[in-house]
Amino acid sequence: MSGQIYCFEDYLYLRELLNKYKSILLFMNFPLKSIQNYGKFIFLGYFTLISLLNTVSTIKPKENNVILFMNIIMLFGLIQLLSRLHSIVVQDEELNHVLEWIRTLYFVPNCNIMKNSAEFHLKNTFNTLKLISKLLSISYMTSIGFFIVKLLITNSIIFEFPQIAVSEENFWIRHILQTIFVATTGCVLIFTDLFVVSIPLYFIPALNILLDRIRNLDDYLAVNRKQNLILSLQIYHMQIIQNLNRYSNIIYNVFVIQFSTSFFLFLGTFYMLRKYQEFFLYPLTAGILFQFSAFCIFGEFIYGKTERLLTELYLTKWYTFSRNEQKILSMMMMMSQKPFGFKAAGMYDINLKMFVQVLKIAFTYCTILYTIT
């Protein structure tokens, strides 16, 4: 028998928030039916157009390296945004499956130890998510604000407007359009990043709950031997692995784009900070570091938790279990022999080691580039 734990309202809040983000990104609440049907392609088309305008501007000669760098930063940000939007639009049904699985985490067997464990981990996760959301929003909004101010102060244009001539009369028209483009890109990037970051965060409490159940398995069986607890434990374990694989497939392109662009973003920001020390570079660098580190930290936690499963299963009093229970436990141990980890392009492990390596390589190339120039 399953029971609802006390922090279920946290899930309802999270689901409502994610649904709001999704409805904004996919134009789901627009009054016109035709727009509702094709609304999910509006932002994709809009940001594809902006990307083309930015690309045309980037390949043109620039007055100085700072303006060129701002063009490149904007282009990489748009590429990252398009990869996230594409995953949310195309994999909408798969995302709903993962969200429904997260809902099941809030229903646990009528056992005080299990309920206390689930409530503790899920409540901590929700509080962590709120903190990450605030930090991410502040970091991104600060970067966007300083970026726009720098463009206005230096009268720099990072988008090519074919129908608007470059003249003093059109100064404000070009800058208003440019500010709208930059601001909407930043705001939608916040929505997509919060959406992408929120879901993997819930795999950590799921794995912690599983580890707690394995550690207390002997106590559970002493009281509830007839309730097939080991079988339910195996099902719970398989659901976690299944949804980890599902989510990894959903954001495969996001990982590829993120880690392809992050190295060049770090290289560029480190070089520009050392050579020019522009004020807008400091919040920008902090935002890039925050974004990249979030993926690596989540990857590190998930790998470490899945790696721990095999040890915890072996430390149970498996020799006292029935023959069928031992078979189920051995199957779980076989599944746990290879820890799960997110990978970029299916090859590179996403963890703190990658974070340090990317920073080291970027800093090394930055030093060489600075010496040469």
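Quick caveat, the model's predicted, so the values are computed rather than measured. We're numbering straight along the sequence, starting at 1. The analysis underlying the following values was restricted to heavy atoms, covering all of them including side chains, and did not include hydrogens, waters or symmetry mates.
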(request) For the residue pair F266 and F270, categorise the inter-ring angle as parallel (less than 30°), tilted (30 to 60°) or perpendicular (more than 60°). (result) parallel
(message) In terms of relative ring orientation, are Y106 and Y202 parallel, tilted or perpendicular, with 30° and 60° separating the classes?
(response) tilted
(message) L78 and side-chain contact (heavy atoms from CB on, under 4.5 Å): which single residue from T48, N54, L53 fits?
(response)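 Considering T48, N54, L53, a side-chain contact (heavy atoms from CB on, under 4.5 Å) with L78 is found only for N54.
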Check for me, please, whether [X] and [Y] land in the same ILVMFWY cluster - side-chain distances under 4.5 Å, paths through other members count.
X    : Y    : result
L267 : I361 : yes
V254 : V256 : no
F146 : V66  : yes

Once you round to the nearest 0.5 Å, how far does [atom1] of [X] lie from [atom2] of [Y]?
X    : Y    : atom1 : atom2 : answer
R215 : R213 : CZ    : CZ    : 13.0 Å
Q239 : L210 : CD    : CG    : 11.0 Å
F47  : L49  : CZ    : CG    : 11.0 Å
F159 : T55  : CZ    : OG1   : 9.5 Å
I79  : M74  : CD1   : CE    : 11.0 Å
I132 : L136 : CD1   : CG    : 8.5 Å

(request) Answer yes or no: are there more than 12 heavy-atom neighbours, outside Y236 itself, under 6.0 Å from its atom OH? (result)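 Check passes, neighbour count above 12.
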Under 3.5 Å, is there a donor-acceptor pair between the [X] and [Y] side chains?
X    : Y    : result
Q291 : D193 : yes
N253 : S83  : no
Y276 : N64  : no
H97  : N243 : no
Y282 : Q277 : no
E100 : T104 : no

Counting the benzene-type ring for Trp, do [X] and [Y] have ring centres under 6.0 Å apart?
X    : Y    : answer
Y271 : Y365 : no
Y247 : W101 : no
F342 : F340 : yes

Heavy atoms only: give me the nearest [X]-[Y] pair and the separation to one decimal.
X    : Y    : result
F147 : M70  : CZ-O, 3.6 Å
L82  : L44  : CD2-O, 3.9 Å
S139 : S143 : O-OG, 2.9 Å
I350 : F295 : CG2-O, 3.5 Å

(message) Using only atom types and a distance under 3.5 Å, with no angle test, would you say the side chain of Q91 pairs donor to acceptor with the backbone of I250?
(response) no
(message) Looking at L244, is its backbone amide N or carbonyl O close enough to the side chain of S248 to form a donor-acceptor pair, meaning the two atoms are under 3.5 Å apart?
(response) no
pair [X]-[Y]: side-chain heavy atoms closer than 4.5 Å:
X    : Y    : answer
Y348 : F259 : no
Q178 : H175 : yes
I72  : F264 : no

(request) Would you check, one step at a time, whether the test salt bridge (Lys or Arg N to Asp or Glu O under 4.0 Å) holds for K123 with E119? (result) CA-CA 6 Å; K123 194 69 179 176; E119 187 174 354; over 6 Å; no
(request) Begin from the C-alpha positions of Q326 and S322 and carry the test side-chain hydrogen bond (donor to acceptor under 3.5 Å, both in side chains) through to its verdict. (result) CA-CA 6 Å; Q326 288 180 3; S322 67; over 6 Å; no
(request) Applying side-chain contact (heavy atoms from CB on, under 4.5 Å), name anything that partners Y46, two or more places apart in sequence or on another chain. (result) F43, I50, I180, F181, T184
(request) Write out all pairs satisfying salt bridge (charged side-chain N to carboxylate O under 4.0 Å, His left out) with one or both partners inside residues 127-136, taking only residues at least two apart or from two chains. (result)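 Not a single pair qualifies under salt bridge (charged side-chain N to carboxylate O under 4.0 Å, His left out).
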